[in-house]
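What you see is a predicted model, and the numbers here were worked out from it, not measured in a lab. Quick note on labels: first sequence line is chain A, next is B, and so on, each numbered from 1.
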Protein chains: 2
Amino acid sequence: MSDFKDFIGSDKGPQCPRTYILALTDTLNVVSGKWKLPIIAALLRGVSRFKDLLDSTEKITPRMLSKELKELEMNSIVERKVYSQTPVLIEYKLTKSGKEIANVIDSMIDWGMVHRTQVITDGDAVKTS
Amino acid sequence: MSDFKDFIGSDKGPQCPRTYILALTDTLNVVSGKWKLPIIAALLRGVSRFKDLLDSTEKITPRMLSKELKELEMNSIVERKVYSQTPVLIEYKLTKSGKEIANVIDSMIDWGMVHRTQVITDGDAVKTS
DNA sequence: ATGTTCAGTATACAAAAGTATACTGATATT
DNA sequence: AATATCAGTATACTTTTGTATACTGAACAT
């Protein structure tokens, strides 16, 4: 398993592997922003059509949904399939990697939960934006 | 352990616990943006003074460093200590939670590494921004 | 008295991310 | 012929995020 603490162990010591930085950047691109996670959550629930994603992702506009789906597709998180039925059916679904991002989200939730209890028992405040 | 897949299991079924969303939002606030992770990395290396953080976080301006440190302090990721020596010494250090965020970063790196190999063996492209 | 270091702040601007609202074009239904 | 549905696109914003450049003030050092 990778260890962030290891490779940043010293300023003059071994440099951070470039591959780690690339991997981290990829992940940040997938989880950052207002809409990526809500869309991925809907896709994990099995929602697959543009219109259904619009409905189940509250307050998103078609422009944003379109833009985000394109980015997710470019990053191989989502696959777009066209079925030339009538009316045309376009199906968005998560790739293998797309499904596996749920593990990262789990670890984010876990840290956040522990963090909140630690902050409360330390008497500090949490900004609930 | 929390499971994102569970609580989003169905549209009409059990709602996503609000605490999960709050936890996830907390985590996103800590890892999102251009400077948070570079600063945390420097702090993990033991860099602690404003001037040293400025030097070891390449291209950051004092304005941004100041702003980010304030946010990290508000979110109990960083502690600011003033030593009334002369010249005054101000020390920034990670809290317990602040150090533990490294686990989340590790899981982000892991997903990113696996994702890249999967994308390559599937013949897809990865956007290397 | 002038300069240097530390720890920032002030002002103005540029770029990225997100919103609002309306529209398109293909096909099918009434 | 008019209306509806699906899957988006077009145009014009507003808001948030980040950059550039200069400055402040306290405490020493020369």
If you walk 5' to 3' along DNA chain C, what is the first nucleotide with an atom under 4.0 Å of a heavy atom in chain B, and what is the last?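 The contact span of chain B on DNA chain C goes from C:dC6 to C:dA12.
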Residues in side-chain hydrogen bond (donor to acceptor under 3.5 Å, both in side chains) contact with A:Ser107, at least two apart in sequence or another chain: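 Scan of A:Ser107 (side-chain hydrogen bond (donor to acceptor under 3.5 Å, both in side chains), adjacent residues dropped) gives B:Ser107.
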Gap between atoms [atom1] and [atom2], on [X] and [N] respectively (whole Å):
X       : N      : atom1 : atom2 : value
A:Met64 : D:dT14 : CE    : P     : 17 Å
A:Lys34 : D:dT14 : NZ    : P     : 17 Å
B:Arg63 : D:dT24 : CZ    : P     : 18 Å
A:Leu69 : D:dC6  : CG    : P     : 16 Å
A:Phe50 : D:dT5  : CZ    : C1'   : 14 Å

Other ILVMFWY residues reachable from A:Met1 by side-chain steps of under 4.5 Å: none
Across the strands shown, which category fits B:Arg49 at heavy-atom distances under 4.0 angstrom: base, sugar-phosphate, nothing?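 The residue B:Arg49 makes sugar-phosphate contact but no base contact.
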How would you label the contact of A:Pro62 with the nucleic acid (heavy atoms, under 4.0 Å): base, sugar-phosphate, or nothing?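 The answer is base, as A:Pro62 lies within the cut-off (heavy atoms under 4.0 Å) of a base atom.
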Any pair counted as salt bridge (charged side-chain N to carboxylate O under 4.0 Å, His left out), so long as it reaches residues 84-99 of chain A, sequence neighbours left out: A:Lys96-A:Glu100
I want to confirm an ordering. Mapping A:Lys59 and B:Tyr92 to their closest nucleotides on DNA chain C, which one lands closer to the 5' end? B:Tyr92
5' priority, DNA chain D, between B:Thr61 and B:Glu68 [closest heavy atom]: B:Glu68
Which residue pairs pass the ring-ring contact (aromatic ring centres under 6.0 Å, His included) test when at least one of the two sits in residues 98-121 of chain B, sequence neighbours left out?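 Found B:Trp111-B:His115.
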Residue pairs, two or more places apart or on separate chains, that pass ring-ring contact (aromatic ring centres under 6.0 Å, His included) and touch residues 25-56 of chain B: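 Residue pairs passing ring-ring contact (aromatic ring centres under 6.0 Å, His included), neighbours aside: none found.
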How far apart are the closest heavy atoms of B:Thr57 and B:Ala42, and which atoms are they? OG1-CB, 4.4 Å
